Amino acid sequence: MKRSNLTKMTLFLIVLIFLSSTASATMNVAVITDPTGKDPNGCAAGSQSFAANMFQSTFLFSQEHRMSLLSGGEGTSDVRIAAIIEALSLVESNKTPSEVVSVAPKYDGIRLMAVNPTQGIAVGGDFDVYVITVDNASSIKIQGFSSGVATVPAGTKGAIIHLRNSEGNPKYGTAATVRLQTAINIGKMIRDGYPATTIVSEAFGEVARDSGEDHGGGAVNLVSGVTTGDMFTPKELNQTGFEMEKPYSKVSSTGWSVGYPEAENYQVSPIDGSPLTVVYAYESLKSAITVSNDNPSVSTYGSDKQGISLATSSVVDAAVEAYGYDPVQITKSINKAIDAGTIVGVEHIDSSDLNVKENVKAIGVYYTPVPNGKTAPTWKLPISSDLFDLLGNIQSVIGILLILLALFRSTLIKSFFRRR
């Protein structure tokens, strides 16, 4: 996050104060399974809530400092924005997670959580969390903390999960029980060797199902620098994000996919008739942020079509396997998929629309949606569209002449024979 980007983010947050109602993440979770920072899936974090406007509270991620900042709390939006801005200035100054969140207690009702793969996790301010650590002997330790500052030290496998219930949530009153049970399951998964990206996605699913704090939100893989982008966040101000325990899309074994609610109309792939598997939102979250040794992590931006992420991932996986991390070949493969109807609702892309990071096996694809609700791009013809207008006009003239001939054929025939 460069200083210019920090300024832009600050202005963006200030604008949101005036345009939207109060938003607060009620679940923040951060997990480190490889404190050396070498595992491409060894550190992840994310947020979700029953509340609206989750794009305000999901996470801020500095790729330069490999640090994610998550926020929430009972305080007002203007107070939270002030806390975030001060914390971001500390991130810019290369401070540790503990130093970054240390500003939170002076802001009434505000919570900040910061995580860095090699520097640990810290939460500060107004919170109800469990801190989970797992030592080299696979012994799990879970401790509860409320307010102040709590940490997972640098060099330690562990996690922090915060969870409260939002007002109006039908499952209000479940947070304390679900927070503890999810912390226990996180500890077990760290002990058993699951990567942080998988653990975060499973925490999303468990919290969504059991506590009702289920609206995305999203997550980030801090080591590989890939995120869920706008997959689950609300599309409009003062709206809720996607429900993380609900079906998100259907996908075939050959890569075709379609998002809900359109997915309800399909039982098999219209491309080849292969059966479709239901993919839940928290499972899609895991796919979006997990980097595989075999397949790259693929993030899509610019389109809110819910099936597009999985379809793009399938196409990119095949392209990388065939051609390696060649932007030109990946671009060709995506455009062929758009032409074939495997990827729908977006324009063709150029190589400049790709962000290819071979060192961490991650690829970002930036789409432009097709206008007017169409499913396919406008045909790019080898001749000018003006010629088609001209041909259309000629055709119209011929059509009119044919109609006149049909109406006056008897008169014309008599006139013809009279002249002979």
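The structure presented is a predicted model; accordingly, all values stated were derived computationally and were not measured. For this chain, numbers begin at 1 and follow the sequence in order.
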Chi angles and distances behind the side-chain hydrogen bond (donor to acceptor under 3.5 Å, both in side chains) call for Ser166, Glu213: CA-CA 7 Å; Ser166 303; Glu213 301 297 321; 2.8 Å; yes
Evaluation steps, side-chain hydrogen bond (donor to acceptor under 3.5 Å, both in side chains), between Asn185 and Glu206: CA-CA 9 Å; Asn185 290 335; Glu206 183 172 2; 2.9 Å; yes
Tyr280 vs Tyr248, ring pair (Phe, Tyr, Trp, His ring centres under 6.0 Å): CA-CA, chis, key distance, verdict: CA-CA 5 Å; Tyr280 290 84; Tyr248 186 75; over 10 Å; no
Stepwise side-chain hydrogen bond (donor to acceptor under 3.5 Å, both in side chains) test for Thr96 and Glu99: CA-CA 5 Å; Thr96 66; Glu99 292 170 321; 3.3 Å; yes
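Donor-acceptor pairing under 3.5 Å is lacking for the side chains of Asn41 and Thr290. Ser274 and Asp272 are linked by a side-chain donor-acceptor pair at a separation below 3.5 angstrom, with hydrogens and angles left out of the test. The closest side-chain donor-acceptor pair between Asp135 and Thr133, if any, does not fall under 3.5 angstrom. Between the side chains of Asn94 and His65, at least one donor N or O lies within less than 3.5 Å of an accepting N or O. Residues Asn221 and Thr197 have side chains that never bring a donor and an acceptor to within less than 3.5 angstrom of each other.
In this structure, OG1 in Thr312 is found 8.5 Å from CD1 in Ile349, a value given to the nearest 0.5 Å. To the nearest 0.5 Å, the span separating CD on Glu86 from CG on Leu112 amounts to 9.5 Å. Taken from OG1 in Thr33 to CG in Asp39, the straight-line distance is 5.5 Å, to the nearest 0.5 Å. Rounded to the nearest 0.5 angstrom, Glu202 CD and Leu285 CG are separated by 10.5 Å. Atoms CZ and CE, on Phe50 and Met27 in that order, are 15.5 Å from each other to the nearest 0.5 Å. Between the OG atom in Ser49 and the CE atom in Met244 there is a gap of 12.5 Å [rounded to 0.5 Å].
Looking at Met113 and Ile160, their side chains come closer than 4.5 Å, going by heavy atoms from C-beta outward. The shortest side-chain heavy-atom distance between Ile334 and Val316 falls under the 4.5 Å cut-off. Taking 4.5 Å as the limit, every side-chain heavy atom of Val365 sits out of range of all side-chain heavy atoms of Asp353. Looking only at side-chain heavy atoms (C-beta outward), Val279 and Ser284 come within less than 4.5 Å of each other. Side-chain atoms of Arg179 and Tyr130, non-hydrogen and from C-beta on, do get closer than 4.5 Å to each other.
Other residues, nucleotides and ligands contribute over 12 non-hydrogen atoms within 6.0 Å of the CD atom of Gln239. Counted within 6.0 Å of NZ on Lys332, heavy atoms from surrounding residues, nucleotides or ligands total 12 or fewer; the atom is thus considered open. Summarising the local packing, CG of Asp192 is surrounded by more than 12 heavy atoms from other residues, nucleotides or ligands at distances under 6.0 Å. The number of heavy-atom neighbours closer than 6.0 Å to NZ of Lys286, taken from other residues, nucleotides and ligands shown, is 12 or below. Surrounding CZ of Phe145 are more than 12 heavy atoms belonging to other residues, nucleotides or ligands, all under 6.0 Å away. By the neighbour-count criterion of 12 heavy atoms within 6.0 Å, atom OH of Tyr194 is sparsely surrounded, having that number or fewer from other residues, nucleotides or ligands.
Using bins of under 30°, 30° to 60° and over 60° for the plane-to-plane angle, the ring pair Phe242/Phe232 lands in the tilted bin.
A cation-pi geometry, defined here as NZ or CZ lying under 6.0 Å from the six-membered ring centre and within 45° of its normal, does not hold between Arg164 and Tyr172.
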